[in-house]
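Atoms within a ligand are numbered from 1 in the order they appear, just like the ligands themselves. Numbers here are sequence positions counted from 1.
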Amino acid sequence: MIKTDAVIIGAGPTGLFAVHQLGVNGLSAEVIDNLDKAGGQCIELYPDKPIYDIPAIPECNGEELTKNLLEQIKPFKPKFHFNERVQELKEDKGIWVVKTNKGNSFTTPNVIIAGGVGSFEPRKLPLKELEKFEGRDVFYSVSNKEKLKNKKIAIFGGGDSALDWALELSKDSKITLIHRRNEFRGSSRTLHELEKLKKEGKISIKTLFQIKSINEGEKLNSIILENDEGKKESVEVDTILAFFGLIMKLGPIAEWGLNIDKKAIPVNTENFETNKKGIFAVGDICTYPGKLRLILSGFHEAALASVACFKRARPNEKYKFQFTTSSKEIQERLGVSKKKE
Ligand SMILES: Cc1cc2nc3c(=O)[nH]c(=O)nc-3n(C[C@H](O)[C@H](O)[C@H](O)COP(=O)(O)OP(=O)(O)OC[C@H]3O[C@@H](n4cnc5c(N)ncnc54)[C@H](O)[C@@H]3O)c2cc1C
């Protein structure tokens, strides 16, 4: 059981800045995100696109923004739990118990939900039988390519991820690339390389096919593909990778007894608390009259929620409003004096 002043659900820009605001107020935070890295929509949906409305930054892209936010919260040494989805939220005598799908548990007086439009989840293959192989022989992302050497791999998808992994893994494994359309979406360099590997017999390509069924014993043995005309083909595989993009699901957040209005959580704009004491919602996931789904709104919301978190985490201390420019206490927390020495 991990004890902390606040659990932050979501490592998007709002969740990251919430770490900063909690840290400035002397509070610790644990951050949980379903994705394998920080940045939320900025990293997952538009890492290279320029953003023009972050105050005092005329232009930066999603990746740069995330990098800077991570740099800014370094002094507070936040603990990140990636690839974990918060599944359960329960109250125990005024304290919240937060559980993830990986079995981690946290106790805290404050939960800040910065879950954006919900957790990002991979779009999955349409065969129920594949579920039991997930994480063993069936993957929707690659976390360790070393484990994918000397395999017979079917890669599904027609975009950058499918193509890049087909090229990369063909160095050590037998690859069949399967796409339900005729055209692949990739850079001309990637498409050229794919054609070359196809000619050399290093990658087999099956277009206009989709998965129909699998042959399994203890392990995955082969898959049956079918095209629109009902033509079937069997492919020997021991591993399946599928890259069909991500969907955003409100997921478990909808089951925690919070008021929900059109997939968002109504909050009190004084402190961004939800209908449950000690549970706050900030960023894209919250709603109130006039709400703008912008990064800058999330920053403001996180600042106000962190003050309310302080009052719950330190009920015997008085909250002091302080400027970072002049507060020695905050500067110490930021390690500013150490940096100057
Ligand atoms: C194409 C595009 C362009 C944009 N351009 C701009 C712009 O120019 N300016 C601007 O201000 N805004 C822009 N936005 C909007 C901006 O990206 C969002 O307002 C911002 O990302 C919201 O941040 P957030 O931290 O609230 O949520 P998100 O960035 O959505 O992050 C939420 C995180 O929470 C995680 N999560 C959710 N539920 C769970 C759970 N149960 N367990 C674990 N993790 C969970 C998700 O995996 C995700 O990583 C743009 C959005 C898009 C899609």
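At most 12 non-hydrogen atoms from other residues, nucleotides or ligands lie less than 6.0 angstrom from NZ of Lys145.
Looking at Asp284 and Gln41, their side chains do bring a donor and an acceptor atom within 3.5 Å of each other. Judged purely by distance below 3.5 Å, without hydrogens or angles, the side chains of Ser306 and Gln21 never pair a donor atom with an acceptor atom.
Distances shorter than 4.0 angstrom occur between a heavy atom of Ala114 and an atom of ligand 1. Heavy-atom separations between Gly118 and ligand 1 include at least one value shorter than 4.0 Å. Judged by the shortest distance from any of its heavy atoms, Glu84 lies inside the 4.0 Å radius around the atoms of ligand 1.
Here the protein heavy atom with the shortest distance to atom 27 (O) of ligand 1 is Gly116 CA, 3.2 Å. With respect to atom 34 (O) of ligand 1, the closest heavy atom belonging to the protein is Gly10 CA, 3.2 Å. Nearest protein heavy-atom neighbour of atom 44 (N) of ligand 1: Asn34 N, 3.1 Å. For atom 30 (O) of ligand 1, the nearest protein heavy atom (residue, atom name, distance) is Gln41 NE2, 2.8 Å. With respect to atom 42 (N) of ligand 1, the closest heavy atom belonging to the protein is Val86 N, 2.9 Å. Closest to atom 45 (C) of ligand 1, if we only count protein heavy atoms, is Ser119 CB, 3.8 Å. When only non-hydrogen protein atoms are considered, atom 18 (C) of ligand 1 lies nearest to Asp284 OD2, 3.3 Å. Counting protein heavy atoms only, atom 17 (O) of ligand 1 is closest to Tyr46 OH, 2.5 Å.
Interface of Ile253 with ligand 1, defined as ligand atoms under 4.0 Å from a residue heavy atom, comprises 38 (N). If you number the atoms of ligand 1 from 1 as listed, the ones under 4.0 Å from a heavy atom of Leu45 come out as 53 (C). Taking every non-hydrogen atom of Leu35 and a distance limit under 4.0 Å, the qualifying atoms of ligand 1 come out as 47 (O), 49 (O). For ligand 1 and Ile51, the ligand atoms under 4.0 Å from any heavy atom of the residue are 7 (C), 8 (O), 9 (N). Using a 4.0 Å cut-off to heavy atoms of Gly283, the atoms of ligand 1 that qualify are 26 (O). Listed by number with element, the atoms of ligand 1 under 4.0 angstrom from any heavy atom of Ile9 are 39 (C), 40 (C), 42 (N). Of all atoms in ligand 1, numbered sequentially from 1 with element shown, those under 4.0 Å from a heavy atom of Thr14 are 23 (O), 24 (P), 25 (O), 26 (O). Below 4.0 Å from some heavy atom of Ile32 lie the following atoms of ligand 1, by number and element: 43 (C), 44 (N).
The CZ atom of Phe156 sits 5.5 Å away from atom CG of Leu225, with the distance rounded to the nearest 0.5 Å.
At a 3.5 angstrom cut-off on N or O pairs, Tyr52 does not count as close to ligand 1. Residue Lys49 places no N or O, backbone or side chain, under 3.5 Å from any N or O of ligand 1. On a distance-only criterion, Trp256 and ligand 1 share no N/O pair closer than 3.5 Å.
Between the side chain of Gln87 and the main chain of Lys99, no donor-acceptor pair closer than 3.5 Å is present. Side chain of Ser187 to main chain of Thr190: a donor-acceptor pair is present (N/O by atom type, distance under 3.5 Å, no hydrogens or angles).
Comparing Ile285, Leu250, Ile295, Leu89 against atom 11 (O) of ligand 1, the shortest heavy-atom distance belongs to Ile295. Nearest to atom 46 (C) of ligand 1 by heavy atom, out of Val31, Asp33, Val282, Leu294, is Asp33.
Under 4.0 Å is where a charged nitrogen must lie from a carboxylate oxygen, and between Glu71 and Lys74 at least one such pair does. Ion pairing of Lys174 with Glu236 is absent here, as no side-chain N (NZ or NE/NH1/NH2) approaches a carboxylate O to less than 4.0 Å. Using a cutoff of 4.0 Å between basic side-chain nitrogens and carboxylate oxygens, Asp5 and Arg314 are scored as salt-bridged. We find that Glu129 and Lys132 are not joined by a salt bridge, their nearest charged nitrogen and carboxylate oxygen being 4.0 Å or further apart. We find that Glu91 and Lys276 are not joined by a salt bridge, their nearest charged nitrogen and carboxylate oxygen being 4.0 Å or further apart.
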Step by step, work out the salt bridge (charged side-chain N to carboxylate O under 4.0 Å, His left out) result for Lys37 and Glu63. CA-CA 11 Å; Lys37 53 189 167 310; Glu63 196 173 351; over 6 Å; no
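The minimum heavy-atom distance linking Ala308 with Phe280 is given by the pair CB-CE2, 3.4 Å.
Residues Phe299 and Tyr288 share a hydrophobic cluster, clusters being chains of Ile/Leu/Val/Met/Phe/Trp/Tyr side chains in contact below 4.5 Å. Note on Ile8: it does not cluster hydrophobically with Ile279, by side-chain heavy-atom contacts below 4.5 Å among ILVMFWY residues.
Counting heavy atoms closer than 4.0 Å to ligand 1, residue Arg293 contributes backbone atoms (N, CA, C, O) but none from C-beta onward.
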